[in-house]
Amino acid sequence: MDPRFNLFQNEIALKFGKRFANAALVIDQSSLPKATQHLVEIRASQINGCGFCTDMHTKDATAAGETQVRLNLVAAWREATVFTEPERAALALSEEGTRLADAHHGVSDETWAQVRKHYDDDQIAALVSLVALINAANRINVIVRNPAGSYEPGMFASMTS
């Protein structure tokens, strides 16, 4: 399957992609735990039906040492015993922040209280930014129907400056 539009062969898309990757670098370099970052990226990508991002972030998580059991259970995190309370708070925020159109109140007070309990202000800033960024990436890739399966960990490292 070919994408509708090749973002990697368009000057404007490449310029945007570079800035997007640099924004992601701010989050990557934050104190928000890497495992949490991967879980949030995977869960939002699953909800949004973004195969490209689901492929990318599960492979990046695996390369970073994430276990197969945890990756297999991200979609069913509420019923799984393998996630910490802070990770559960981040996954709830990821879901509620991704499904804004489905819930007119957005992120619940209960979820926000759990996030505040488990993360400091810098981590919260990174977490909220990550939810926004992964949702934007999902939308870009779903719109152009970027196919999944060919991602290799680190293949976009040259996008950051």
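Fair warning: this is a prediction, and the values are worked out from it, not measured in the lab. Nothing fancy with the numbering, it's 1 onward along the sequence.
- Tyr151 and Leu7 fall into different hydrophobic clusters, defined by Ile, Leu, Val, Met, Phe, Trp and Tyr side-chain heavy atoms under 4.5 Å apart, directly or through other members.
- Between Ile143 atom CD1 and Arg139 atom CZ the span is 8.5 Å, to the nearest 0.5 Å.
- Separation of atoms CG (Leu71) and OG1 (Thr62) is listed at 4.5 Å; rounding is to 0.5 Å.
- Between the side chain of Lys34 and the backbone N or O of Ala64 there is no donor-acceptor pair closer than 3.5 Å.
- When all heavy atoms are compared, the tightest approach of Val115 to Ile124 is CG1-CG1, 3.8 Å.
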* Decide yes or no on salt bridge (Lys or Arg N to Asp or Glu O under 4.0 Å) for Glu95 and Arg78, but give the supporting numbers first. => CA-CA 11 Å; Glu95 284 191 2; Arg78 283 182 182 81; 2.8 Å; yes
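- Heavy-atom minimum distance, Thr111 versus Glu96: OG1-OE2, 2.6 Å.
- Atom SG of residue Cys50 and atom CZ of residue Arg145 lie 13.0 Å apart, to the nearest 0.5 angstrom.
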* **side chain to side chain contact (heavy atoms under 4.5 Å, CB included) between Gln37 and Ser30, intermediate numbers included** => CA-CA 10 Å; Gln37 291 180 39; Ser30 76; 4.0 Å; yes
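- Closest heavy-atom contact between Asp55 and Gly149: OD2-N, 2.9 Å.
- The residues Arg70 and Glu87 are annotated as salt-bridged, a charged nitrogen and a carboxylate oxygen being separated by less than 4.0 angstrom.
- In terms of modelled atom types and a separation under 3.5 Å, the side chain of Asn141 and the main chain of Phe52 share no donor-acceptor contact.
- Tracing side-chain contacts under 4.5 Å through hydrophobic residues (I, L, V, M, F, W, Y), one never reaches Met159 starting from Ile140; they form parts of separate clusters.
- For Asp28 (side chain) and Ala24 (main-chain N/O), no donor-acceptor pair under 3.5 Å exists by modelled atom type.
- Taking the charged nitrogens against the carboxylate oxygens, Arg116 and Asp121 do have a contact shorter than 4.0 Å, which makes a salt bridge.
- Looking only at side-chain heavy atoms (C-beta outward), Arg88 and Gln114 stay at 4.5 Å or farther from each other.
- Counting only heavy atoms from C-beta outward, the side chains of Asn146 and Phe5 never approach each other to under 4.5 Å.
- Contact of the Asn10 side chain with the Phe16 side chain is not registered, since no non-hydrogen atoms from C-beta on lie closer than 4.5 Å.
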* Check the pair Phe156, Phe20 against ring pair (Phe, Tyr, Trp, His ring centres under 6.0 Å), reporting the backbone distance first and the verdict last. => CA-CA 11 Å; Phe156 296 128; Phe20 200 88; over 10 Å; no
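- In plain terms, the two heavy atoms of Pro153 and Asp60 that are nearest each other are CA-OD1, 3.5 Å.
- A pairwise comparison of heavy atoms in Leu14 and Phe8 identifies CD1-O, 3.6 Å as the closest pair.
- Residues Val69 and Trp77 share a hydrophobic cluster, clusters being chains of Ile/Leu/Val/Met/Phe/Trp/Tyr side chains in contact below 4.5 Å.
- In this structure, a donor-acceptor pair under 3.5 Å is absent between the side chains of Ser31 and Asp122.
- Between Ile27 and the choices Leu130, Val128, Val40, the side chain to side chain contact (heavy atoms under 4.5 Å, CB included) rule is met once, by Leu130.
- Two residues are said to be in side-chain contact when any heavy atoms from C-beta on lie closer than 4.5 Å; Thr98 and Ser94 meet this criterion.
- Inter-residue side-chain proximity for His57 and Ser45 is flagged as met; some heavy-atom pair is nearer than 4.5 Å.
- Considering every non-hydrogen atom in both Tyr119 and Ala89, the closest pair reads CE1-CB, 4.5 Å.
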